[in-house]
Structures are given as structure tokens and as C-alpha cells.
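In each ligand, atom 1 is the first atom listed, and ligand 1 is the first ligand listed.
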Amino acid sequence: MAPYTLTYFPVKGRCGALKMILADNEQQFKENLVSIDDWMKGDKKGSCLFGQLPKFEDGDLVLFQSNAILRHVGRKHGAYGKNDCEASLIDMMNDAVEDFRLKYIKMIYQEYETGKEAYCKDLPNHLKPFESILSKSKSGFLVGDQISFADYNLFDLLLNHKVLYSASLDSLPALKGYVDKIAARPKIKALLECENFKKLPINGNGKQ
Ligand code: 6SG
């Protein structure tokens, strides 16, 4: 029996990175897809701690909040650094990825038509700190010498940006190399090529 259960909408959304870290660690999970119609009925929302999905179950442990879920899986599968200092740096990186994700989500859900062009133009400024960190990284990862949950999170968001604007990484060689390197990890490559994953829209409103 799969140890984990993930309940979410049929989109990549806030679960792309989670699916990547699970795949890379060969972890099976049961997936409960909740359609928008079903969600709109309201009773599922009422059963969620903060009224939102994703929900992740690991045995009796029930977690909400996508970043808490990523941390839990990272902690269990060796993707949370090798000591407390690395873990704190990984937390810092993931918080920066979350800030970036919130900007992306705001543009996608609230100002796609009016704000996409300015957003794409400003993208190198958003991405500059990550480019600088990665250009100095010996391992090619955000922190330390191994991949962490923050890397899967940033990678997932950068893939979304390549769809948004194909030239988004053209002026950022370290980030471009980073994306290519993570995409070439065999289990990540297999996930990205898997029909079930590919067919999921990135966002819930059909914009990408
Ligand atoms: C949406 O925002 O798809 N969860 C979403 N929306 C439904 O009633 N901080 C936490 C976390 O990191 C944020 C959770 C996140 O886990 S994900 C949620 O539960 C709600 O609030 C992105 C996504 N959005 C679009 C969408 C289509 C169907 C359900 C969600 C639009 C919103 C509600 C119905 C139609 Fe919808």
C-alpha cells in the first residue's frame, strides 16, 4: 500500500514540486483528485483545516499547507540538508521561492491580461538572486552538496516560467544550467514525460 495520500485539484499548481521530490525518491502515493465542481459544493472545504488544498496524509499524520508538506517529505527523504545550519539556509531559500511563487500566482490569477508583459520584462530582476546563488554553488544546488526540497520547488516554478515566456532564462546561464541538470535526473525526466503528469494544467484558471 502506498504510504502517502495526496488530495488536490487536477492541476500542477502547488503540488508539482511535491510530485517531483516523491518521484525522485521512488515514493508511491495515492492521489485523490477533487474536481472544481465537487469543491464548489463546499463540504470538502469545510473538512480542510484552513479551507484549502493540498492535503497530504502520511499514515495518521494529516498535513495541509504545500510548503509544510514539502518540508515533511524533504525531512523524511534526505532532502533537508545535512545539519541544522543547512536546514535553516534551505528554509530561507524556500521562503524566497514562495515569495516568487506568490508573485507568479498573483499575475496568473489576477492580472494575466494586463500584467503579463510587465511581469516577463521584470523577470530577470526577480531571478537575479537565484542566479547569483547558483553561479557560486559548487554542487549546482541552492544549499550544500545535495538536492533539497527548495531545489524541487524552484525547479518547478522555473518550468512554469519557461511555459509563460520561453526566453525567460536566456540571460541567466546558471539558472538555465540548473533547470537542464534537474530535468535530466532520470526519475524527474520520467515524471516530466509521464502522460498523467503532462496532461495536468499548470493553473486552475487555464492560464499559463
Ligand atoms: C488553490 O491556495 O488551483 N490552495 C488552493 N483553493 C480553493 O477555496 N498556503 C496554501 C498552501 O500552500 C495555499 C493553498 C492554495 O497549501 S491552489 C485552494 O484550496 C479555495 O481556496 C491553486 C488553484 N487554484 C484554482 C482553483 C480551482 C478550483 C479550486 C482552486 C477557484 C478557486 C476556488 C475555486 C475556483 Fe478553485
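Only side-chain heavy atoms of W39 come within less than 4.0 Å of ligand 1; its backbone N, CA, C and O stay farther off. Of the heavy atoms in Y8, only side-chain atoms (C-beta onward) come closer than 4.0 Å to ligand 1. With a 4.0 Å cut-off on non-hydrogen atoms, F50 does not touch ligand 1 at all.
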Could you walk me through whether K128 and S132 pass the side-chain hydrogen bond (donor to acceptor under 3.5 Å, both in side chains) check? CA-CA 6 Å; K128 221 179 273 167; S132 164; over 6 Å; no
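Counting only N and O atoms by type, the side chains of N94 and Y80 include no donor and acceptor under 3.5 Å apart.
Every heavy atom of G13 sits 4.0 Å or more from the atoms of ligand 1. Residue F64 places every heavy atom at 4.0 Å or more from ligand 1.
Counting protein heavy atoms under 4.0 angstrom from atom 31 (C) of ligand 1 gives zero. Proximity of atom 35 (C) of ligand 1 to the protein is indicated by at least one non-hydrogen atom lying closer than 4.0 angstrom. Distance check for atom 28 (C) of ligand 1: a protein heavy atom is found below 4.0 Å.
A salt bridge links R14 with E98: at least one charged nitrogen is closer than 4.0 Å to a carboxylate oxygen. With salt bridges taken as basic N to acidic carboxylate O contacts below 4.0 Å, one links R71 and D95.
Here F155 contributes atom CZ and L175 contributes atom CG; the two are 12.0 Å apart, rounded to the nearest 0.5 Å.
When side chains are defined from C-beta on, F149 does not count as touching N153, because their heavy atoms never get closer than 4.5 Å.
Close approach of ligand 1 to M40 (heavy-atom distance below 4.0 Å) involves ligand atoms 34 (C), 35 (C).
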